[in-house]
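What follows is a set of notes on a single structure, which appears directly below.
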Amino acid sequence: PSSSSLVCPSPVSCGTGFFARTTLTFPAMFGARLGQLAARAGCAAAAGTASLVLSRRQRPTLAEGKTVQPPGCLMVGTGEYVTGFVDGKGADSDKSTGVLGLVCLDLRSRGKIGRLGMVGTNGKKLPALRGHMQRVLGDVYEGIDPSIIETWPADDVVKRDAYRDAAAAFKPGDLAIIFTPDDTHYDIAMACIERGLHVMITKPPVKGLTQHLELVEAAKRKGVLCVAELHKRFDPIYLDARDRIRNLGPFSYYWAYMSQPKHQLETFKAWAGKSSDISYYLNSHHIDYHEWCLHGKARPVRVTAHSSTGVAKKRLDGVETEDTITIVVDWHNFEDGSVGHAVYTSSWVAPKSDVHSQQRWFYMGQKGEVTVDQAHRGYTVATDNTPYASVNPLFWKPMPSNGRFSGQRTYGYISFEAFVDAVADVNSGRKKVSDFDGTLPTLSTIAGTTAILEAGRRSLDLGGKPFELLYSGNDPYEVPYSMRPAEI
C-alpha cells in the first residue's frame with residue numbers, strides 16, 4: 001500500500017512475478033580488525049580499479065552453473081543527482097536529466113539490475129516527478145522506460161522515514177544507493193545494512209568518524225558491501241595520475257580547488273548551512289582522491305580549517321554558513337619520516353562560467369609533480385541557444401546517440417556499475433566483500449577522509465584551532481580512530 005508505480009497507483013503493475021528472484025546466501029566476509037582490512041587494501045593499486053572496470057560481465061553464475069538473478073536496486077533520494085528534478089522543475093545545472101536514475105534504468109535494460117525502486121519523503125510531488133522523468137528520459141532515449149520504477153511513499157503521504165518501508169520491500173542481497181542530505185546518511189544506511197542490503201552512499205558517507213566506524217562494523221557483521229560514491233576515482237586522467245604519483249617518492253605538497261556557481265545555492269537551500277557545508281559537499285572529492293593516492297605511503301596527522309563568508313548568508317536568507325572553506329592538512333610520510341602538507345579549498349559562491357564546476361589540482365612529490373585541470377578537457381561548445389561551454393563527456397554524456405543513451409563509458413556511470421558488478425560477484429560467491437577494499441572506496445578504507453572533514457568542521461567551529469588525528473599504531477594502512485584538539 002505504500003508503494004506505487006511511476007505511471008499508475010497500483011504496485012501490481014510493476015509485475016511481482018517479473019521480479020521474482022532466488023534467495024541468496026552470503027559467504028563469511030571482512031576480517032577481524034579494521035586496521036587489518038585497511039592493510040589488505042593497501043596492496044591493490046590503481047590497476048585494481050582498472051581491472052574491475054574492464055572485467056564487467058552481464059550476469060555472474062554460481063559455482064554449480066546456475067545463473068544468479070540480478071539484484072534489486074533501491075534509490076534513496078529523488079533530487080538533482082537522482083532525477084534532475086528540483087523545486088518542481090528541471091535543475092539549472094549540468095544534471096537536468098539526473099544521473100543515478102538514468103544509470104539504473106540503463107543497467108536494468110542490460111540485465112544487471114532487476115527490480116528498481118525509488119524512495120523520497122514527500123509522495124505529493126511524485127506525480128510531477130513522474131512527468132519530468134518521462135519528458136527528459138522516456139521521451140528522449142529509446143528503450144528507457146521510467147514507468148517501471150516503484151516509488152515510496154504513496155502519492156498522498158509525507159513520511160520522513162519512508163526509506164524504512166522501502167528497504168523492507170527489498171530482499172537481503174539487493175542494493176541501496178543513497179543520495180540524500182548528509183545528516184540523513186547514517187540512519188538510512190544503517191537501516192539498509194540491517195535489512196541485508198549492500199549499500200552505496202554519496203560522499204561524504206557520514207559527517208563524523210564515530211558514525212563512519214559504526215557503519216563499517218555493521219556492514220562487517222551483516223556481511224554486506226558498503227561503499228561511498230566517489231566517481232573521480234574512475235576518471236581515466238585521475239587514474240593515470242594516481243599511478244604516476246605513487247612513483248614520485250614521498251609526498252611534499254598538494255592543493256585542490258573545486259567550486260559550484262552561487263545560483264546553485266537555490267538548489268541546495270533545503271540543507272545548505274543547516275545540515276552540512278560546502279567542505280563536506282565538495283572537498284570530500286579531492287581529499288578522498290589525495291588520500292587514495294597516498295594509501296599506505298603517508299597518512300594525515302593534523303588538520304586546520306579557514307573560511308570566508310558574506311555571500312551565502314544573503315542568498316540563504318540569513319542562514320549562517322561559509323562561502324568558501326579551506327582545509328590544511330599535515331601528512332606524515334612513512335618512507336623517510338618527512339612531512340608534507342595539503343590545501344583543499346571548496347566554494348559555492350563562484351560566478352557562472354564556461355563550466356558548472358571549476359575543478360583543478362596540483363601535486364608535488366619529492367621526485368616530480370602533476371597538474372590536472374579536470375574542468376577543461378579541450379572540448380568547447382557554443383550554440384545560438386546556449387552560452388559558450390567547456391563540456392566533459394568523460395564524466396557524463398546525456399546527449400543521445402541515434403536516439404539511445406550512450407553514456408556507459410563515462411566515469412559517472414562506471415562508478416555505479418562497478419558497485420553493481422561487485423554486488424553481483426558477492427551474491428554469487430565468486431568474491432568476498434573484503435576483496436573490494438583495494439578497488440572500490442569501501443567505508444573500511446576511507447575513514448581518513450571522514451576524519452579530515454570532521455576535524456575541519458570542528459576546527460572552524462573553534463576559530464581555526466588545529467586538530468590531531470589519532471591512530472592506535474604505526475601500520476601504514478591503519479585508519480584513524482579518533483581526534484583531539486592539538487596543542488599550539
Side-chain angles (χ1 to χ4, degrees), residues 182-183 202-212 228 230 232-233 238 245 251-260 268 272-273 275-295 298-312 320-333 339-350 357-364 372 374 441 446-471 479-480 482-488:
D182 295 350
D183 62 337
T202 185
K203 48 74 193 166
V206 287
K207 295 170 61 181
L209 182 58
T210 297
Q211 288 188 338
H212 187 117
L230 291 158
K232 293 191 184 305
R233 291 192 178 203
Y238 278 50
I245 284 170
F251 165 60
S252 181
Y253 173 64
Y254 180 82
W255 68 259
Y257 173 73
M258 191 169 178
S259 71
Q260 293 268 289
F268 301 151
S275 63
S276 194
D277 60 37
I278 187 58
S279 181
Y280 278 111
Y281 184 67
L282 288 187
N283 272 337
S284 49
H285 273 301
H286 286 115
I287 291 174
D288 169 76
Y289 177 73
H290 185 213
E291 187 189 30
W292 185 45
C293 289
L294 298 181
H295 193 60
R299 70 184 183 190
V301 294
R302 183 181 173 101
V303 180
T304 309
H306 308 272
S307 67
S308 303
T309 61
V311 176
E320 295 287 347
T321 191
E322 299 85 2
D323 295 347
T324 304
I325 294 176
T326 295
I327 295 180
V328 181
V329 180
D330 293 337
W331 289 73
H332 169 77
N333 288 304
V339 175
H341 75 285
V343 181
Y344 316 97
T345 298
S346 59
S347 177
W348 49 18
V349 298
S357 175
Q358 298 287 351
Q359 304 178 36
R360 48 188 178 267
W361 56 263
F362 170 83
Y363 178 95
M364 179 181 289
V372 171
Q374 192 273 352
I446 65 168
T449 295
T450 298
I452 291 172
L453 290 166
E454 180 189 359
R457 182 66 258 172
R458 293 174 69 176
S459 175
L460 284 176
D461 292 341
L462 293 177
K465 187 176 184 64
F467 275 75
E468 294 177 351
L469 304 185
L470 304 179
Y471 299 83
V479 297
S482 188
M483 65 190 68
R484 67 186 178 198
E487 296 296 330
I488 300 178

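- Smallest separation of non-hydrogen atoms from G340 and N333: N-ND2, 4.1 Å.
- A distance of 7.5 Å separates CG in L294 from CD1 in I245, rounded to the nearest 0.5 Å.
- Here the side chains of T324 and S259 are not in contact, with every heavy-atom distance at 4.5 Å or above.
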Just distance, no hydrogens or angles: give the donor-acceptor pairs under 3.5 Å from side chains in residues 298-308, sequence neighbours left out.
| residue | atom | partner | partner atom | Å |
| --- | --- | --- | --- | --- |
| R299 | NH1 | G473 | O | 3.1 |
| R299 | NH2 | G473 | O | 3.1 |

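- By the 4.5 Å heavy-atom criterion applied to side chains, N283 and I452 are not counted as neighbours.
- Note on ring orientation: taking the six-membered ring where Trp is involved, the planes of W361 and Y254 are tilted (angle from 30° to 60°).
- For the side chain to side chain donor-acceptor pair (under 3.5 Å) test with Y238, the passing option among H286, K232, Q374 is H286; the others fail.
- A donor-acceptor pair under 3.5 Å is formed between the side chain of S284 and the backbone N or O of Y280.
- Screening residues 276-295 for salt bridge (charged side-chain N to carboxylate O under 4.0 Å, His left out), with sequence neighbours left out, gives R233-D288, D277-R457.
- Tested against W331 for a ring-ring contact (aromatic ring centres under 6.0 Å, His included), the candidates H295, H290, H341 yield a single pass: H290.
- In this structure H285 satisfies the ring-ring contact (aromatic ring centres under 6.0 Å, His included) test together with H231, sequence neighbours excluded.
- Contact check for I325 versus T345: no side-chain heavy atoms found under the 4.5 Å cut-off.
- Applying the side-chain contact (heavy atoms from CB on, under 4.5 Å) rule to Q260 yields the partners Q264, F268, Y281, L282, W348, H356, S357; only residues at least two apart in sequence or on another chain are considered.
- Qualifying ring-ring contact (aromatic ring centres under 6.0 Å, His included) partners for F467, counting only residues two or more places apart in sequence or in other chains: none.
- The distance from the OG atom of S252 to the CE atom of M364 is 6.0 Å, given to the nearest 0.5 Å.
- Interatomic distance, I327 CD1 to Y344 OH, rounded to the nearest 0.5 Å: 8.5 Å.
- Sorted pairs that involve residues 339-350 and meet salt bridge (charged side-chain N to carboxylate O under 4.0 Å, His left out), not counting sequence neighbours, are lacking altogether.
- F251 places none of its side-chain heavy atoms less than 4.5 Å from the side chain of C293.
- With a 4.5 Å cut-off on side-chain heavy atoms, L470 and R484 count as touching.
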Evaluate the side chain to side chain contact (heavy atoms under 4.5 Å, CB included) criterion for residues Y253 and F362: first the C-alpha distance (whole Å), next the side-chain angles of each, then the deciding distance (0.1 Å), finally the verdict. CA-CA 8 Å; Y253 173 64; F362 170 83; 3.9 Å; yes
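- Not one N or O on the side chain of D323 forms a donor-acceptor pair closer than 3.5 Å with the backbone of V349.
- Looking at every heavy atom in both residues, I446 comes nearest to P205 through CD1-CG, 4.2 Å.
- Under the 4.5 Å side-chain criterion, counting only non-hydrogen atoms from C-beta, L453 is in contact with S279.
- Within the 4.5 Å cutoff, no side-chain heavy atoms of K207 are placed close to those of E454.
- Side-chain contact between L460 and L462 is absent, with no heavy-atom pair separated by less than 4.5 Å.
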Taking it one step at a time, do Y257 and Q358 satisfy side chain to side chain contact (heavy atoms under 4.5 Å, CB included)? CA-CA 7 Å; Y257 173 73; Q358 298 287 351; 3.8 Å; yes
